[in-house]
Amino acid sequence: MKINNICCIGAGYVGGPTMAIIAQKNPKIKVHVVDMNVNKIAAWNSENLENLPVYEPGLSKVVKEARGKNLFFSTDVNKHIDEAEMIFISVNTPTKISGEGKGYAADLKYVESCAKQIAEISKSNKIIVEKSTVPVRTSEKIKQILKSYNSDVDFQILSNPEFLAEGTAMRDLEIPDRVLIGGDNTKEGKKAIDSLVEIYSSWVPMNNILTTNLWSSELSKLTANAFLAQRISSINSLSELCEATGADIEEVAKAIGMDSRIGKSFLKTSVGFGGSCFQKDILNLVYIARSLGLKKVAEYWEQILIINKHQRDRFSKKIIDYIKENKLEPKVLILGWAFKKNTNDTRESAAIYVANNLINNNISIQIYDPKVKEEQIISDLSNLNPDYEKSLVNFIHEPFSNISDYNIITILTEWDEFINYDWEKVYSGIKKPAYIFDGRNILNVELIKKNGFNYIGLGRK
Ligand code: NAD
Ligand code: UGA
């Protein structure tokens, strides 16, 4: 079946960029991205492309090209469900905060409410595409909901998880390692798979489009994230071992990564991984394993999160201990708040946890991030601790405006502008003794030491 009209429910970090690319590459298909968040849709429709709700290099160019031609953003969810032949569900699937599975299981209430709404509105056959990351066998649940609310039309369910990483989303969408499509092994199921393959094949080589059954597709997405996060926790655990032994983590990572069986990506030590997915997806995997009685499997994967928290905490403790031991003024300049560079997303950013640890130790912080808004930072801190001491938190818009005020700087996001600063000039403004805590290992250690400052990184001296 040839698709002419797509609706995507959820105009977030996945829905927005993914649909922009699908629309750009398939000019004959009308793509409507809908969301119940009125402000978000207004921002997607904003004349000023700087105001798009998602900051992602290259995104505004694609939106500019397709918006108003065959790409539309709307709050009229019902209308576009009704008109679409294919509907992507791209809503959030956060960790449950109450009820059974609280703190571990994925909360599927948004996915389920989409399924119910689709069933209630639909008057013609539709292909429903699970784009959100969900527990294995969720499509079964979606099928049940659709059937129980509407038995008059035929719904085919596909799983098409998204593998883009924020900060590189446009490149990842443009040249994906693979596009994964899971569907039923029936005549109708295969037809539905073909319809989606056809859409992707307008720019993705067929060899990179992998089709599987529904459950394999769902489980592959969760576990791909678990494998990626596992590498970061592995290298982060080694950074502590390096500190205890005098080995250098940068050298160790290079040496390990040069083994072609291991590979060099995702071996960059950091103050801990953040982002909206690694933690929630691993918690979900742990929950699934535990629910199936696989206690050891659950414990194995949970350890990745334990190391991640440990890395954030031990980095914060380094700062706190240095302040105490050296009787320094308890005041820290925080450079970077986003969970990684080239995104305005702060969900689960290590910066939130480090800042909270500092505040709890009565240390005042000044925060600078090139893309994150002040309101977002305040909301992140309050979500973690509603009673945080507000007087300890300040914001600056020029990172080194009052540089002579600081003797402690910490880098928590690896923004290029931090790497590219004229650090010689920066140091000349800092009152000594100054301590640079590099949570991303991006600075030139020799340069810092040459200028007479103390460098505290992760696993390197
Ligand atoms: P997001 O929070 O940025 O966006 C989700 C959007 O869905 C929100 O704008 C919300 O208002 C909207 N929404 C929720 N319920 C709705 C409903 N019933 N009707 C209309 N709109 C509704 O989330 P995201 O980061 O885009 O992630 C979406 C899914 O994709 C998640 O399952 C996530 O795990 C997965 N994923 C995310 C990434 C990523 O990098 N962020 C990458 C791959 C997969
Ligand atoms: C991750 C995956 O990379 C995507 O494939 C996946 O689609 C996505 O999760 C998802 O399901 O949401 P994302 O979280 O956007 O993407 O960003 P990553 O590049 O994976 O970085 C995650 C965190 O790990 C960041 O805080 C980053 O700084 C950290 N990281 C990454 C390291 O500390 N070291 C590394 O070597 C790599």
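In each ligand, atom 1 is the first atom listed, and ligand 1 is the first ligand listed.
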[X] to ligand 2: N or O pair under 3.5 Å?
X      : result
Gly275 : no
Glu166 : yes
Lys268 : yes
Asn225 : yes
Ile232 : no

I need the nearest protein heavy-atom contact for [atom]: residue, atom name and distance, please.
atom                    : result
atom 5 (O) of ligand 2  : Phe163 O, 2.7 Å
atom 7 (O) of ligand 2  : Leu164 O, 2.7 Å
atom 20 (O) of ligand 2 : Phe266 CZ, 3.1 Å
atom 12 (O) of ligand 2 : Cys277 SG, 2.5 Å

Task: Of the listed options Cys114, Cys8, Gly10, closest to atom 7 (O) of ligand 1 (non-hydrogen atoms) - done: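 Nearest heavy atom to atom 7 (O) of ligand 1 lies in Gly10.
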
Open item on the list: Please report the interatomic distance NZ(Lys373) to OG(Ser379), rounded to the nearest 0.5 Å.
Closed with: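 Lys373 atom NZ to Ser379 atom OG measures 12.5 Å (nearest 0.5 Å).
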
Considering distance alone, does some N or O of [X] sit under 3.5 Å from an N or O of ligand 1?
X      : value
Arg347 : yes
Ser90  : no
Tyr110 : no
Thr133 : yes

Task: Donor + acceptor pair across side chains of Glu302, Tyr104 (<3.5 Å) - done: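 Yes.
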
Task: Geometric class of the Tyr322/Phe437 ring pair [parallel <30°, tilted 30-60°, perpendicular >60°] - done: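 Because their plane-to-plane angle is over 60°, the rings of Phe437 and Tyr322 count as perpendicular.
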
TODO: With heavy atoms only and a cut-off of under 4.0 Å, state how Ile9 meets ligand 1: side chain, backbone, both or neither.
DONE: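 It is the side chain that gets close, since no backbone atom is under 4.0 Å.
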
Open item on the list: Test of understanding: given a 4.0 Å heavy-atom threshold, classify the contact between Ser132 and ligand 1 as side chain, backbone, both, or neither.
Closed with: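 Both backbone and side chain of Ser132 come within 4.0 Å of ligand 1.
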
Open item on the list: Does Leu292 have more than 12 heavy atoms from other residues, nucleotides or ligands lying within 6.0 Å of its CG?
Closed with: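 Yes, the 6.0 Å shell around CG holds more than 12 heavy atoms from other groups.
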
- [ ] Examine ligand 2 and decide if any of its atoms is less than 4.0 Å from a heavy atom belonging to Glu348.
- [x]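 It does not, in that no heavy atom of Glu348 comes within the 4.0 Å cut-off of ligand 2.
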
Open item on the list: I'd like to know if Lys221 contacts ligand 2, where contact means a heavy-atom distance under 4.0 Å to any ligand atom.
Closed with: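 Under 4.0 Å: yes for Lys221.
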
